[in-house]
Each structure stands twice: as C-alpha cells, then as structure tokens.
2 protein chains.
Amino acid sequence: MDKEFKRKLAEIVKDNAWYMGLGDVSRATGISQTKLRYWERKGYITSKQGKNQNRKFSYSMLIKAYQIKLFLDQGYTLAVAAEKAAAKNNVLKLVREIIFDRFEDVDTYDNHPAINLGYFDEDKDKLLYAVVYDDGTQFKLVPAKINKDDQDSK
Amino acid sequence: MDKEFKRKLAEIVKDNAWYMGLGDVSRATGISQTKLRYWERKGYITSKQGKNQNRKFSYSMLIKAYQIKLFLDQGYTLAVAAEKAAAKNNVLKLVREIIFDRFEDVDTYDNHPAINLGYFDEDKDKLLYAVVYDDGTQFKLVPAKINKDDQDSK
DNA sequence: AAACGATTGTCAACTATCTTGACAACGATA
DNA sequence: TATCGTTGTCAAGATAGTTGACAATCGTTT
C-alpha cells in the first residue's frame with residue numbers, strides 16, 4: 001500500500017465525514033425515529049441539518065445513540081443514560097486514531113491473516129503484528145529482517 | 001466497561017449492519033451518483049435494495065467505492081481499479097475484528113489517552129497499551145500488577 | 001384517584017431524496 | 001469517422017423524512 005493511497009484512505013475514514021439519514025440510524029440501532037427526534041430535541045444527540053434538508057447523523061452519533069439505548073436497557077433514566085454515553089464517546093475516536101497512525105499493511109503470519117503495526121517501540125528491531133487465529137487475536141513480535149525477505153517473496 | 005455492554009456494542013460495530021443512501025455515499029466520497037449507479041450495474045459495488053426501495057450501501061462498500069476512485073485517480077482503468085479495490089477490501093474488516101477481539105478499556109498512560117489491548121502474548125505478566133502522544137502512537141508494555149492498582153484508584 | 005411532567009407515538013400535509021428509462025455527451029481507440 | 005465505455009441530464013414517479021398538533025403512556029407526587 002503506497003503512502004499517498006494510504007493517506008487518502010485514512011483521511012476519509014479518520015475524518016468520519018460520512019453521514020446517514022434518520023431511518024438508517026433507526027434501523028441500525030433499533031431505536032424509533034420518534035425517539036431519535038426527541039433525543040435530538042433534548043440535546044442528547046446531534047445531527048447535521050441544513051435549511052430545508054433532512055437530518056444527517058454521523059457514525060459517532062449512531063454509536064452514541066446506541067449506547068444511550070444500552071444504558072436505558074440497563075435501567076438508567078434517559079438523562080443519566082445520555083450522560084454516561086457522552087462520557088464514553090471518545091473510545092472509537094481513539095481507536096481509529098491509533099489504528100490509522102500505526103497501521104502499515106495487511107500480511108499473513110503463521111498462515112493466518114495479520115496486520116503489521118510497524119516497529120515495536122520497546123524493541124526497534126521488531127515489528128508488532130496482530131494475528132487473527134481461529135480462537136482469537138494475538139500480538140506477535142516479528143524480526144524486522146525476516147519480514148522484509150518475506151515481503152520480497154510476495 | 002462491563003462485559004455485556006461491551007459485547008452488545010461490539011456486536012453492532014462488528015456486524016457492520018448500518019447503511020446509508022446513495023447520496024450519502026456520493027457526498028462522502030466525492031463520486032457522482034451517476035457513477036455509483038453505473039459501477040453497481042457493472043458489478044463493482046453492491047447495495048442492499050429491496051423491491052421498491054432505495055439503494056442502501058454499507059460502510060464497507062463506501063470504502064470500496066472510494067478505493068476505486070483513488071485507483072482511477074492513479075490512472076488505472078475502471079475494471080482494473082475495481083479489481084484492485086476488491087483485493088484490498090478485507091483490510092478494515094480485519095482491523096475491526098482485531099480491535100474488538102482485543103480491546104479491553106480506555107485508560108491513560110503517562111497522562112496520555114491510551115487503550116488497553118489485554119495481556120501481551122509474548123509476556124503474560126504485561127499488558128499491551130497503545131498510547132496516543134502528540135507526535136504519534138506508541139505501544140507500551142505495562143506491568144499487569146501496577147495497572148491493576150491503577151484501576152482500583154479510579 | 002387526579003395531576004403533572006417526561007417520553008413516545010400517530011397523523012396530515014408537505015418537502016427532500018432517490019429511482020428508472022431514455023437519450024445525450026464525452027473521451028479513447030481503431 | 002465510427003464504435004464502445006463511461007458519465008450526465010431529465011421527466012415522471014416512488015421512497016424517505018419533516019413539522020406541528022394532538023394523543024397516549026409511564027412514573028412520580030399529591
């Protein structure tokens with residue numbers, strides 16, 4: 001994956017500048033459209049809506065709404081559920097930031113799909129790989145030199 | 001984050017069961033609606049469309065369309081661009097799978113936001129943390145015991 | 001039981017967004 | 001110039017979403 005390609009791809013994913021309609025959010029989360037409109041009126045969620053345009057919700061907002069729903073299911077009041085969801089709203093942003101900072105390439109390791117997360121900060125001679133096995137994901141340190149030869153053979 | 005809450009959240013994110021309309025994809029990627037319809041007719045992208053319903057595109061498909069666009073920008077023909085994009089289409093799926101398999105919690109390390117990715121497979125006494133510094137993300141090994149105390153204090 | 005406030009649902013009238021098919025336009029190639 | 005692949009425009013019609021009004025439901029308090 002060349003750098004410019006990766007940068008542009010990261011840009012569109014990282015910036016989160018994609019939106020969906022109210023019905024889309026409702027179907028994805030199982031929350032009724034009426035509820036979503038009320039939650040927005042109360043300020044718990046927000047949408048992008050120009051004059052004479054339909055609401056558009058970001059993916060972050062979809063997740064936030066779903067988190068509110070989960071907290072409601074656990075018995076919290078709407079106000080508290082919204083509060084708790086707001087406190088958790090940074091998780092996915094953080095995850096995205098990390099992945100697109102460190103992601104280098106898709107690869108295989110041990111005949112299993114893996115992603116290369118770049119040089120390991122505690123040992124610069126090794127690359128950190130996340131390898132997806134059938135029973136779970138493991139992190140592996142891969143000597144940088146062997147990996148280089150492996151890439152040449154592909 | 002309690003386990004059930006996390007499981008349900010992971011479910012909705014992992015399953016990718018959220019969709020957006022043609023216009024949404026067009027705005028997000030800068031690809032015209034006409035192009036997207038043609039690409040779908042040629043089989044390069046697909047949408048979910050029930051009888052008498054509007055098209056709905058998954059996020060994966062949005063990314064695939066954008067990748068096709070990027071390859072077109074690099075000078076490839078549409079057919080080749082679509083071929084290349086198809087070959088890359090597993091990346092984000094893999095990333096998502098890894099993250100939601102290994103993600104344990106949001107934390108701070110060194111006064112910086114971090115995520116805890118669970119026990120490090122090469123050293124079970126340590127946790128693997130991804131720490132977001134101003135100039136980039138680093139992976140850190142954190143002694144499990146100290147981390148446990150740290151969690152108790154929160 | 002009645003009252004109140006919060007939350008949610010239903011509906012009518014209207015607007016936004018999208019669909020298809022037909023045809024035009026454009027660019028690359030022979 | 002002709003051909004083919006790709007893209008754009010348009011009309012007629014359908015889907016999806018909006019607002020405001022009012023009703024219904026629920027939980028709590030008096």
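Order of the sequence lines fixes the chain letters, A, B, ..., with proteins taken first and strands second; residue numbering starts at 1 for each chain.
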Quiz item: Mind checking what makes side-chain contact (heavy atoms from CB on, under 4.5 Å) contact with B:Ala130, not counting sequence neighbours?
Solution: A:Ile98, B:Ile115, B:Leu117, B:Thr137, B:Phe139
Quiz item: Between B:Asn54 (CG) and D:dA14 (P), how many Å, whole number?
Solution: 13 Å
Practice problem: Could I get the full list of ring-ring contact (aromatic ring centres under 6.0 Å, His included) partners for B:Tyr38, not counting sequence neighbours? | Solution: none
Quiz prompt | salt bridge (Lys or Arg N to Asp or Glu O under 4.0 Å) against A:Lys35, all qualifying residues, sequence neighbours excluded | solution = none
Self-check item: Segment of DNA chain C, first to last nucleotide, that comes within the 4.0 Å heavy-atom reach of chain B
Solution: C:dC18 to C:dT20
Self-check item: Per-nucleotide protein contact string for nucleotides 22-30 of chain D (B base, S sugar-phosphate only, - none; heavy atom under 4.0 Å)
Solution: ---------
Practice problem: Could you tell me the separation between the NZ atom of A:Lys48 and the C1' atom of D:dG17, rounded to a whole number of Å? | Solution: 16 Å
Quiz item: Will you find, in the side chains of B:Asp110 and B:Tyr133, an N or O donor that is under 3.5 Å from an N or O acceptor?
Solution: yes
Quiz prompt | A:Asp121: partners by salt bridge (Lys or Arg N to Asp or Glu O under 4.0 Å), with sequence neighbours left out | solution = A:Arg102, A:Lys124
Exercise. Would you please name every residue forming a ring-ring contact (aromatic ring centres under 6.0 Å, His included) with B:Tyr76, sequence neighbours left out?
Key: B:Phe71
Quiz item: Who pairs with A:Glu122 by side-chain contact (heavy atoms from CB on, under 4.5 Å), at least two apart in sequence or on another chain?
Solution: A:Phe120, B:Lys140, B:Leu141
Quiz item: With distance as the sole criterion, is a donor-acceptor pair present between the side chains of B:Thr46 and B:Glu40 under 3.5 Å?
Solution: no
Exercise. Check whether any side-chain N or O of A:Arg55 sits under 4.0 Å from OP1 or OP2 of D:dG17, and answer yes or no.
Key: no
Quiz item: With a 4.0 Å cut-off on heavy atoms, is A:Thr77 in touch with a base, just the backbone sugar-phosphate, or nothing at all?
Solution: nothing
Exercise. For DNA chain C, find the residues of residues 34-45 of chain A with a heavy-atom distance under 4.0 Å and give them by number; none if there aren't any.
Key: A:Thr34, A:Lys35, A:Tyr38, A:Trp39, A:Lys42
Self-check item: With B:Lys56 via salt bridge (Lys or Arg N to Asp or Glu O under 4.0 Å) - residues at least two apart
Solution: A:Asp24
Quiz item: With sequence neighbours left out, what residues match A:Lys84 under salt bridge (Lys or Arg N to Asp or Glu O under 4.0 Å)?
Solution: none
Quiz item: Can you name the ring-ring contact (aromatic ring centres under 6.0 Å, His included) partners of B:Tyr59, sequence neighbours left out?
Solution: A:Trp18, B:Trp18
Quiz item: In whole angstroms, how far is the P atom of D:dA16 from the CD atom of A:Gln33?
Solution: 10 Å
